[in-house]
Amino acid sequence: MLLRQLEYLVALARERHFARAAAACYVSQPSLSAAIRRLEDELDVPIVRRGRRYEGLTPEGETVLAWAHRILAERDALLQELSALRGGLTGTLRLGVIPTALPAASLLTTPFCERHPRAQVSVESLSSADITHGLTEFELDAAMTYLDDSAPRAVRRQPLYEERYVLLTPVDGPLAGVPRARWSQAASLPLCLLVPRMRNRRIMDECFAADGATATPAIESDSVAGLYAHLRGGRWSSVISHAWLHMFGVPAGMRVVPLDGPARGPRVGLVTGTDDPPSVLAEALLTVAREAGVRDALDELLHSYLGGHR
């Protein structure tokens with residue numbers, strides 16, 4: 001059994017198409033198909049359900065796939081550990097991040113790259129469910145996600161910060177001059193918010209409901225960048241996580257207003273698998289996370305935008 005055969009199988013399961021899998025592995029389709037057939041012969045089990053096109057894996061194939069992920073992860077961990085012994089980490093750290101934590105990701109990735117200049121980081125925006133899958137299938141080394149009941153099980157957790165929600169509103173709007181606003185007052189404004197399927201929006205909806213209000217935004221976006229794009233016009237208001245200020249700041253003509261209610265929202269943290277031996281890259285990122293002071297950096301940034309008033 002060759003590691004390359006396992007790589008082809010993982011690519012096929014991911015792409016669900018022989019030609020796309022072959023392209024992802026930089027080989028011809030006949031070469032990929034032949035390698036997987038050899039793997040079936042060596043293990044003496046059918047791995048792929050074949051018809052006129054790819055139809056999925058057999059039950060035996062699913063078992064082989066799980067082991068393939070594990071074996072390839074062990075290979076990567078070995079290479080990382082050897083590179084560290086030779087004088088510095090190399091390889092690519094695969095980091096999954098929920099969309100609403102992306103604006104704060106650089107608070108970890110930048111010091112990581114400064115400390116390990118020979119290593120690279122691949123950041124991917126993923127849902128909580130995709131992060132769980134990625135960690136389980138060894139497709140991710142680490143992830144930034146909510147540390148609530150929906151967080152992946154059997155992982156190590158390093159808290160980073162608690163979300164704090166504030167109102168961004170035009171400087172000539174009805175709430176621009178108030179020292180603090182209620183969630184029910186914010187609900188009455190022309191709003192743009194994230195789409196309801198996103199965890200951050202559902203958390204905010206719970207805050208609106210707790211103050212006896214329901215938000216009915218005129219504009220919804222599935223990305224923080226899309227939401228911010230509408231705030232520059234001076235017409236719309238939005239409720240945001242204070243972490244977004246790190247990347248996007250406060251648009252011209254807008255003001256930050258604190259919201260009465262939960263002072264801090266759910267925790268966002270770094271999670272890594274419980275592999276033994278652990279991923280050297282993941283361990284290095286955990287070390288950075290413990291020393292980065294992400295919570296203090298974001299709180300100080302919010303403090304500065306509030307003009308010294310917490």
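Below, each value reflects all heavy atoms present in this structure, side chains not excepted, and no hydrogens, waters or symmetry copies.
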Joint hydrophobic cluster, Val224 plus Val250, side-chain heavy atoms closer than 4.5 Å: yes
Main-chain N/O of Ala176 paired with Arg255 side-chain donor or acceptor, under 3.5 Å: yes
Distance-minimising heavy-atom pair for Pro196 and Arg201: CA-CG, 3.6 Å
Sub-4.5 Å side-chain heavy-atom contact between Leu160 and Leu107: no
From CA spacing to verdict: side chain to side chain donor-acceptor pair (under 3.5 Å), Ser238, His230: CA-CA 10 Å; Ser238 184; His230 289 85; over 6 Å; no
CG-CD1 distance between Asp130 and Ile98, expressed to the nearest 0.5 angstrom: 12.5 Å
Trace of the salt bridge (charged side-chain N to carboxylate O under 4.0 Å, His left out) decision for Arg75 with Glu7: CA-CA 11 Å; Arg75 184 271 315 270; Glu7 291 174 342; 3.1 Å; yes
Thr100 (side chain) donor-acceptor with Asn200 (main chain) under 3.5 angstrom: no
Pair Glu15, Tyr54: side-chain N/O donor-acceptor within cut-off below 3.5 Å: no
Check ion pair Arg115-Glu291 (N to O, under 4.0 angstrom): yes
Side chain proximity check, Leu108 to Val294, heavy atoms < 4.5 angstrom: yes
Donor-acceptor pair, side chain of Arg267 and main chain of Glu162, under 3.5 angstrom: no
Heavy-atom donor-acceptor pair, Ser106 side chain to Thr109 backbone, under 3.5 Å: no
Approximate separation, where rounding is to 0.5 Å, of Glu300 CD and Arg295 CZ: 13.0 Å
Student check: side-chain heavy atoms of Arg38 and Leu2 closer than 4.5 Å: no
Chi angles and distances behind the side-chain contact (heavy atoms from CB on, under 4.5 Å) call for Val64, Leu57: CA-CA 10 Å; Val64 175; Leu57 301 180; over 6 Å; no
Heavy-atom pair of closest approach, residues Leu12 and Ile36: CD2-CD1, 3.6 Å
NZ/NE/NH1/NH2 to OD/OE distance under 4.0 Å, Arg14 and Glu139: no
Short side-chain to backbone donor-acceptor contact, Glu124 and Leu140, under 3.5 Å: no
Nearest heavy atoms of Val97 and Val123, plus distance in Å: CG2-CG1, 3.9 Å
Over all atoms of both residues, closest heavy-atom pair of Ile240 and Leu168: CD1-CD1, 3.7 Å
Atom pair CZ (Arg94) and CZ (Phe138), whose distance is rounded to the nearest 0.5 Å: 10.0 Å
Carboxylate-amine/guanidinium contact Asp41 Arg37, below 4.0 Å: no
Salt-bridge contact Arg197-Glu220 (side-chain N to carboxylate O under 4.0 Å): no
From CG (Leu302) to OH (Tyr165), nearest 0.5 Å: 13.0 Å
Side chain proximity check, Phe208 to Ser184, heavy atoms < 4.5 angstrom: no
Atom pair CG (Leu306) and CG (Leu301), whose distance is rounded to the nearest 0.5 Å: 9.5 Å
pair Asp141-Leu95: side-chain heavy atoms closer than 4.5 Å: no
Path from Val171 to Leu259 over hydrophobic side-chain contacts below 4.5 Å: no
Close side-chain approach of Thr136 to His133, heavy-atom, < 4.5 Å: no
Parallel, tilted or perpendicular: ring planes of Phe248 versus Tyr228, cut at 30 and 60 degrees: parallel
Path from Val239 to Val178 over hydrophobic side-chain contacts below 4.5 Å: yes
Residue pair Asp299 / Tyr161, side-chain heavy-atom distance below 4.5 Å: no
Atom of Asp211, atom of Trp183 and distance for their closest heavy-atom approach: OD2-N, 3.3 Å
Side chain to side chain, Glu40 and Val48, heavy atoms closer than 4.5 Å: yes
Qualifying residue, where the test is side chain to side chain contact (heavy atoms under 4.5 Å, CB included) with Arg157 and the options are Leu270, Leu147, Thr272, Thr145: Leu147
Flag, side chain of Ser188 to backbone of Gln185, donor-acceptor distance under 3.5 Å: yes
Within 6.0 Å of CZ in Arg182, more than 12 heavy atoms from elsewhere: no
Which atom of Ala105 lies closest to which atom of Met144, heavy atoms considered: CA-SD, 3.8 Å
Spacing of CD belonging to Gln5 relative to CD1 belonging to Ile47, to within rounding of 0.5 Å: 8.5 Å
Donor-acceptor contact below 3.5 Å, side chain His246 vs main chain Ala104: no
